[in-house]
Amino acid sequence: MTVLKRAAIAVVLAGTALSGFVFAPMLEAQVARPAPAPRATATDTLAQSYVAQNRAPGIVLAVGTRGQPAHFAHAGRIDDAANGEAADADSLWRVYSMTKPITGMAAMMLVEDGKLRLDQPIHELIPAFKDMKVLTDPENSLVSRPAARPITVRHLLTHTAGLGYSIVTTGPLKAEYERLGILPGAVEPKTEAQAATVRPKSLEEFANRLATLPLIADPGTEWSYSIGLDLLPRVIEVASGMSFEQFLQSRMFGPLGMTSTYWAVPAGEVGRLGPNYFWAGDNRIPLDPAGSASVYARAPSFPYGGAGLVMSARDYDRFLAMLLNGGELGGKRVMKAETVRTAMSNLLPQGVTFGGIPGTGAQNAAGGYGAGGFVTLADVPGGPGAGTYGWGGAAGTIAWVDPKNGLRASAYVNYFPAEKWPLRTDLMKAVYSR
């Protein structure tokens, strides 16, 4: 593997881990003031400027208010190639960790159904997690002691389970994650071929292997970015009695009309998927190829609930619109309003705070965390209101819902590192401009 590829993988998957757009949360039960109409011209100008400055070959920005269609600002092409397709609302993007809020909301649907409880120990569904151990010296050994308490559904939703993540974990535990193939994410074909040889072939096998490894902290004691949202799909499978993919299709993607959301892009749709790039200094180098050569044109080892989806801006906006509308879209209700409010509220265990992730270039402020995404606890002057919920992806994407201001917004590019350019900050300014 070349130095460039090793660096790219580190940056990419660190981006998956470090890409959360950081504000922090409690969702107000009532809308405090009517939503001002976003300035479409500001997002149009921003999209055009990114292409004009060669910051991306193409870009799509989506902004919408409660009950209204989104405005899609787009510019450029999905590929640096001269014959690349124009970027638009139906282009396909690797959203990486923006998969996490979708997985989080799927779990909350089962909480609503009474098939899961937020504080339910997951060993009731996956017995292998009954007697977990915690490392006593994580940086230097695998020596462990019994965990103080079991892992719960809440812990998986909020990155407080004590689980690791190969992209951020260090020491002997990282080596064990790699040895057992606890690597729920794909980057590009060559490294994916290597990872697939050791990776589990199902969510059940993934969960059972993970249960053999010690934790880095007692569950419920600290926020640590983890594979909790990759383990949660197995919990969803057991609780629902159907595969994770079937559950999402029947309960979310189908009802919401999300017809361009894929774990593996079908052969007939690969023309809408451009490359994923890696910035080496000022040079933009294709990392994962476009179209049928992409790693996302083939089925993953299992569905990666923390980083596995490819989606169009139109589809992700439909997901955001459902959240902003309190669980309903186009006359179809997929969640109760109360469930959405709970999911987008601060679900962190008592005494735990979310202070952001250093190095993202995003605003860091102590706050809260909901079902797979940040939640802001206080108004940001000239920006999001308290209760804003969202997350970002490793390849530069970002999405959020601001119930207090009655708006939703998202951005789509595909390059590493995600913070090469201040797109997330720039979109904030455009969306909240008056």
- Query: For the rings on F206 and F302, is their centre-to-centre separation under 6.0 Å?
  - Reply: yes
- Less than 4.0 Å between a side-chain N and a carboxylate O, is that true for D88 and R314? no
- Message: What I want to check is whether the side chains of R94 and N276 have a donor and an acceptor closer together than 3.5 Å.
- Response: no
- side chain to side chain contact (heavy atoms under 4.5 Å, CB included) filter on A87, not counting sequence neighbours, yields V60, I78, S91, W93
- Task: For the pair R341 and E338, find out whether any cationic side-chain nitrogen is under 4.0 Å from an anionic carboxylate oxygen.
- Result: no
- Inspect the contact between K332 and E328 and indicate whether a charged nitrogen and a carboxylate oxygen are less than 4.0 angstrom apart. no
- Item | SB check R298 E192 (cutoff 4.0 Å) | no
- Query: Is E178 salt-bridged to K174, cutoff N-O under 4.0 Å?
  - Reply: yes
- Query: Which residue pairs satisfy the side-chain hydrogen bond (donor to acceptor under 3.5 Å, both in side chains) criterion with at least one member in residues 227-243, sequence neighbours excluded?
  - Reply: R234-E237, S243-Q246
- With a 4.5 Å limit on heavy-atom distance, are the side chains of D402 and K404 in contact? yes
- Task: Decide side chain to side chain contact (heavy atoms under 4.5 Å, CB included) for Y432 and L407; before the verdict, give the C-alpha distance in whole Å, the side-chain angles of both, and the deciding distance to 0.1 Å.
- Result: CA-CA 10 Å; Y432 292 98; L407 60 82; 3.6 Å; yes
- Message: Taking side chain to side chain contact (heavy atoms under 4.5 Å, CB included) as the definition, give me every residue that meets it alongside P266, ordered by chain and number, with sequence neighbours left out.
- Response: Y262, E269
- Item | Any side-chain heavy-atom pair of I216 and L163 under 4.5 Å | no
- Are any non-hydrogen side-chain atoms of E204 and S202 less than 4.5 angstrom apart? yes
- Message: Can a side-chain donor-acceptor contact be found between E188 and T191 if the only test is distance below 3.5 angstrom?
- Response: yes
- Task: Give the intermediate values and the outcome of ring pair (Phe, Tyr, Trp, His ring centres under 6.0 Å) for residues W223 and Y369.
- Result: CA-CA 9 Å; W223 191 95; Y369 209 84; 5.6 Å; yes
- Determine, for R251 against D113, whether the closest basic-nitrogen to carboxylate-oxygen distance falls under 4.0 angstrom. yes
- Evaluate the side chain to side chain donor-acceptor pair (under 3.5 Å) criterion for residues T152 and R117: first the C-alpha distance (whole Å), next the side-chain angles of each, then the deciding distance (0.1 Å), finally the verdict. CA-CA 9 Å; T152 67; R117 305 184 309 277; over 6 Å; no
- Evaluate the ring planes of Y225 and Y165, with Trp represented by its six-membered ring, and classify them as parallel (under 30°), tilted (30 to 60°) or perpendicular (over 60°). tilted
- Item | Electrostatic pair R408-D317, nearest N-O below 4.0 angstrom | yes
- Between W391 and F354, what is the ring plane arrangement, given parallel below 30°, perpendicular above 60°, and tilted in between? tilted
- Message: Pair F244, F247 - check ring pair (Phe, Tyr, Trp, His ring centres under 6.0 Å), show working.
- Response: CA-CA 5 Å; F244 182 51; F247 183 84; 7.7 Å; no
